[in-house]
4 protein chains.
Amino acid sequence: MIKVGIVGGTGYTGVELLRLLAGHKGVKVHAVTSRKEAGMPVADMFPSLRGWVDVAFSTPEEADLKSCDVVFFATPHGVAMAQAPELLAAGVKVIDLAADFRLKDPAEFQKWYAMEHSCTDLLAEAVYGLAEVNREQIKSARLIGMAGCYPTSVQLGLLPLLEGGKQLIETNTLIADCKSGVSGAGRKAEVGTLFSEAGDNFKAYGVKGHRHSPEINQGLSAIHGAPVSLTFVPHLTPMIRGIHSTIYARIKPEGRDTDFQKLFEERFVDERFVDVLPAGSCPETRSVRGSNIARIAVHRPGNGDLLVILVVEDNLVKGASGQAVQVMNLMFGLPESQGLEVVPLLP
Amino acid sequence: MIKVGIVGGTGYTGVELLRLLAGHKGVKVHAVTSRKEAGMPVADMFPSLRGWVDVAFSTPEEADLKSCDVVFFATPHGVAMAQAPELLAAGVKVIDLAADFRLKDPAEFQKWYAMEHSCTDLLAEAVYGLAEVNREQIKSARLIGMAGCYPTSVQLGLLPLLEGGKQLIETNTLIADCKSGVSGAGRKAEVGTLFSEAGDNFKAYGVKGHRHSPEINQGLSAIHGAPVSLTFVPHLTPMIRGIHSTIYARIKPEGRDTDFQKLFEERFVDERFVDVLPAGSCPETRSVRGSNIARIAVHRPGNGDLLVILVVEDNLVKGASGQAVQVMNLMFGLPESQGLEVVPLLP
Amino acid sequence: MIKVGIVGGTGYTGVELLRLLAGHKGVKVHAVTSRKEAGMPVADMFPSLRGWVDVAFSTPEEADLKSCDVVFFATPHGVAMAQAPELLAAGVKVIDLAADFRLKDPAEFQKWYAMEHSCTDLLAEAVYGLAEVNREQIKSARLIGMAGCYPTSVQLGLLPLLEGGKQLIETNTLIADCKSGVSGAGRKAEVGTLFSEAGDNFKAYGVKGHRHSPEINQGLSAIHGAPVSLTFVPHLTPMIRGIHSTIYARIKPEGRDTDFQKLFEERFVDERFVDVLPAGSCPETRSVRGSNIARIAVHRPGNGDLLVILVVEDNLVKGASGQAVQVMNLMFGLPESQGLEVVPLLP
Amino acid sequence: MIKVGIVGGTGYTGVELLRLLAGHKGVKVHAVTSRKEAGMPVADMFPSLRGWVDVAFSTPEEADLKSCDVVFFATPHGVAMAQAPELLAAGVKVIDLAADFRLKDPAEFQKWYAMEHSCTDLLAEAVYGLAEVNREQIKSARLIGMAGCYPTSVQLGLLPLLEGGKQLIETNTLIADCKSGVSGAGRKAEVGTLFSEAGDNFKAYGVKGHRHSPEINQGLSAIHGAPVSLTFVPHLTPMIRGIHSTIYARIKPEGRDTDFQKLFEERFVDERFVDVLPAGSCPETRSVRGSNIARIAVHRPGNGDLLVILVVEDNLVKGASGQAVQVMNLMFGLPESQGLEVVPLLP
């Protein structure tokens, strides 16, 4: 049994990790830390876990995280980089669900997250936690910076088109028009995500620039092996879970004869957590609610030169905690889908 | 033109006052105070008001509220009682949408609102702002404690049955099972009213005791002229606006032959803002969305001894700001429905 | 492996059965019938099942339901009673999720469902599918009439108080004020349950009389061993899944010294699917979303003579398909919770 | 008083016309036809109108529409073209909210609406009902084909950029990623728009081709005076009202020095129903809920060559019935905003 620690169990990615790990036969949750809630049973805060999770929040001191095999950080940005060096030194693997180890360039990190990076020496070692792209490196990694929710959907949607320097689409006119459920904003008390503010309402935000932009462009460029530039426009939609990314890509003349449906199907045929829908389909976010699956459809309206790629995922599962469990499974040699065979909840 | 001041324009009752007053031909909004937002145009915070409201938030000092004819307090509990004496002394009428002047007994106020009442001498003078009950006193009042959202619906639903000592129903087994939209909790940043917490969810709260219980019992007892005791159980329902109260009353033997439908219709026939539905109807909260109307239906299942009274209102209009405008109209001799002829928004 | 047939797989209880059975190691879904959709893979209609369910809809003729060990009817009322006799004669067990075998009195059935009962001889044999009440009879039953969604919640909430003739509460003034998510109305195309009609709205319905009333009263009377009469008022609330029942019971003088919290805890201590919350709690529907658990809290406001019992369940799981799987497990000697250890989805 | 007839008052555009006309001092609703509901008071079907609308549905025969000054068709496609010739011949003005008179090319109409056009001779005369584009023609028109909901938002968002042959943006790579609330699908009983299907869910639809595509391209080309080609991808979002269009336009080299904020502000400065937000804003759909305003923001991320234009409108008001009243006002020489000064409902 893998001994798991969770730092920051009071947010949505934390409770989601607990939901998934409660059904995972290969792990034991040793500790969930929260200085503020120390002593309170986790299931008192999240009654959905009553009967499945019997651990209580503990202080970091009590938690003895160094005795764990792996520690997940389900924390705000900045926490993981403060604690990771010591844990790694103690032989503990670290999986950060926040952004501390996503961006390779510390200057970019500082620009977007308004804090200096405290362990830049680890940035090169950290593996970007997107299994469909970096599976082999993940298997042998000590430190993972999990892919963000939006970036996961956008990278999966463009992977077959860009991978290995393919010259199928223009790489400087890409657009991702993304829509997220409100849980993507976390469990912080803020006016903008109150029910009466975010309900029955739709809006764009971060049009000038969003933290996920540099991550997406870094990831796509790495996939492509050359610079890729994408305009990212996120929107808030009145649902709890789910991301829907609508990606627009201009086909290059040399890509015009491509069978894009086949390209996508073949690329993902062996991926347990990526499902390419039949031609003509439009995926619904609810078709992946609660599950680690991303579903993708590829359209070419009027058989013209514009590809429209539709990707849905559950932002808290494939976009966060589920994918983190997938990565943990890879790191410890477990079956990649262990604990993740949860059938989506529809309706 | 009546010169209006609003203290606390950043919450839902404040913005709702502004919406309604923007369409009221007889008033001019002189000032909206918010120390925190002073200088910001109100329509920057609430873009829905762009083109209709051009006032900016001001500090209390700039606002010169003493020059107003009437000041509304759309503030947390405790603010109005601190400022009312000085305004009244200056000849300004005061309408408090919070609870400072609802309860007649200062000990009750202290018990439920956890603060000492600072101007108990005004409690006797303050008129309870429920026009259908206290119309005449309101007309000559200087100081109004507006009825709360839940209490308005419950009192309207029981008014024809209890008024003037009527002996139609048991007065010690009354139950009000009430359901409110989330805007009733206000625009404060709190975890419990986040979209991802309150959405797709239903729960009771305050079962042990809710601040509106003493207000309801005080109001019903005043209406009845004798003690009335009601068990009040509020619930939170995943919609923005609306209260639905389901009221259960046991018919006394002497009430058994009453035509309750007729009783309700006759009682409210001249009330512009109370609509008794045809027998057999079930009112929907959306049928009053955005309007000052309360709609009521009376049922007697199986022609037995239990009355089931259904009342819907928009908690921000008839339950708060609309009713406050109705009261203001009465205080200044304007037509009672001026500015309030807003057709409900459905769907 | 138990061989399962499902009649009517295109509604919500059908797809929910498929979701749960997809994770059940002891069964194989042999056929899902739908004359209209015959030939279409089930996962084409419900993409949430892609990767987990690979069966296609079949005609009743192709389905060869007589070769099954058990057949679930997830159909409108009237279908099961037409087919059950033949299946039972072939040695197949039958579990009806509709109302054909709930009411013991064929006249009552005809009154509420507006059709004559076609196999009244089976009514006596049919066991009412509420495991917490009828566990032993279920184990040896051939034919089950599953408890309805509302009746399940109300009966569980009153079980400790009424069981075996207990004299703790008045049995002729009971009230159940129940609130259901919209999925309770099924997947039929109807105006009243459109998003734009049922969204951001709250209403009561069926106040004059609802089909679940006779079922509730029959069930409670059976539990109590004497007539029980309850007024049932259902409401529609803008969420997809979940029922919240608020039950009001008057304590008899002889019940006044009872420790109700303890009574409930002890009654359900061995029930895997009933969770009594700590004193003072208010259960949320989302705390059971997607799971077979019912959570219950007992309140006695002001330590008076009125009990307020709060019960939440997922109407499609404990209120329908989950409970049907629980019953199937009992009928076939499997662990009662097999396939049902699904952690609730929150948020 | 203008005498108004409404054909088809049982759908959302019909009830919305009634809501707005109830507050319009210059008109009298003479008849609302519905063969199916003839005799029923309109307010029985839509209780929101109780107290404001006292007309009953009538048969077309009873309605005597030829005696009206103007008849609105709030009907499915195909109804208006069957009745318009006779009404026009009788001197009645006709405003069709459906698509019968939108497309100028009857072949296009037949292709997208699967029916032959029955009065192609009227297509040339019919004026496209988008006041901001065709104000003068509308004033003297007898027959209006109202702009569709999506097309209104897209055309307003591109108007300042394309009008009169301007060479600011590429006209063959335009993209409109549009999101609509569910009321856009109408009040028909259909599975796809049930609360339990469309709630807590997000999806694209019609990616292959949507009826509004030819309308948008026809409209933009007319505005531009040269062919314009736009890729239109609509999405369904779980809210009742509102459209949010995110429009992507590539700036031409000759457009690079344009002050787009100023361009938009100047273009719409005199338009009562188009509000250009300050630079950097993101409009919310709720900021126009219930009102005839469209709000627009223009972004140029990273000061690059891609414009991102955000447009919100209430699909039932500016996207349908409100705009139809605006057009009626123009046709009859009334103030353009009469009856339309309804403040948006927020929250």
Side-chain angles (χ1 to χ4, degrees), chain B residues 11-12 15-16 18-24 41 43-53 181-183 186-187 195 199-200 238-241 272-278 281-293 295 297 312 314 316-317 337 339 341-347, chain D residues 11-12 15-16 18-24 41 43-53 181-183 186-187 195 199-200 238-241 272-278 281-293 295 297 312 314 316-317 337 339 341-347:
Chain B
Y12 291 139
V15 64
E16 193 69 353
L18 288 165
R19 177 179 74 92
L20 294 167
L21 294 178
H24 193 300
D44 281 11
M45 178 172 282
F46 299 111
S48 58
L49 299 177
R50 283 174 62 90
W52 283 280
V53 173
V182 185
S183 66
R187 200 166 162 268
F195 185 91
D200 205 43
M239 61 186 183
I240 296 177
R241 287 169 179 251
R272 174 67 190 99
F273 295 120
V274 182
D275 176 31
V276 179
L277 296 181
S281 304
C282 289
E284 301 186 307
T285 57
R286 64 178 186 150
S287 77
V288 297
R289 188 188 290 135
S291 101
N292 199 48
I293 298 278
R295 299 197 200 272
V312 296
D314 184 319
L316 296 180
V317 192
S337 67
E341 288 291 351
V342 180
V343 191
L345 193 69
L346 174 154
Chain D
Y12 292 139
V15 64
E16 192 69 354
L18 288 165
R19 177 179 73 94
L20 294 167
L21 295 177
H24 192 301
D44 280 11
M45 178 172 283
F46 299 110
S48 57
L49 300 176
R50 282 174 62 91
W52 282 281
V53 173
V182 185
S183 66
R187 200 166 162 269
F195 184 91
D200 205 42
M239 61 186 183
I240 295 177
R241 287 169 180 251
R272 174 68 190 99
F273 295 120
V274 182
D275 175 32
V276 178
L277 296 182
S281 304
C282 288
E284 300 186 307
T285 57
R286 64 178 185 150
S287 77
V288 297
R289 188 189 290 135
S291 101
N292 199 47
I293 298 279
R295 301 197 200 272
V312 297
D314 184 319
L316 295 180
V317 192
S337 68
E341 289 290 351
V342 179
V343 191
L345 193 70
L346 175 154

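So you know, we letter chains A, B, ... as the sequences are listed, proteins then strands, and number each from 1. From a predicted model like this one, the values you see are computed outputs, not experimental measurements.
- Within the 3.5 Å criterion, the main-chain N or O of B:Val276 finds a donor-acceptor partner in the side chain of D:Arg50.
- In terms of heavy atoms, D:Ala22 sits closest to B:Val343 at CB-CG2, 4.2 Å.
- D:Gly290 and B:Leu345 make their closest contact through CA-CD1, 3.8 Å (heavy atoms, listed as atom of the first residue, atom of the second, distance).
- Looking at B:Val53, neither its backbone nor its side chain comes within 4.5 Å of chain D, counting heavy atoms on both sides.
- Under the salt bridge (charged side-chain N to carboxylate O under 4.0 Å, His left out) criterion, B:Arg295 pairs with B:Asp275, sequence neighbours left out.
- Distance check: B:Leu346 CG to D:Leu18 CG gives 11.5 Å after rounding to the nearest 0.5 Å.
- With a 4.5 Å cut-off on side-chain heavy atoms, D:Ser48 and B:Arg286 do not count as touching.
- Heavy-atom distances place no part of B:Arg187 under 4.5 Å from chain D, backbone and side chain included.
- Taking B:Arg19 as the reference, B:Glu16 meet the salt bridge (charged side-chain N to carboxylate O under 4.0 Å, His left out) condition, with sequence neighbours excluded.
- Options B:Asp44, B:Leu20, B:Leu277 differ in how many heavy-atom pairs under 4.5 Å they form with chain D, and the most are formed by B:Leu277.
- Between B:Leu316 and D:Pro347 there is a side-chain heavy-atom pair separated by less than 4.5 Å.
- Neither the backbone nor the side chain of B:Val288 comes within less than 4.5 Å of any heavy atom of chain D.
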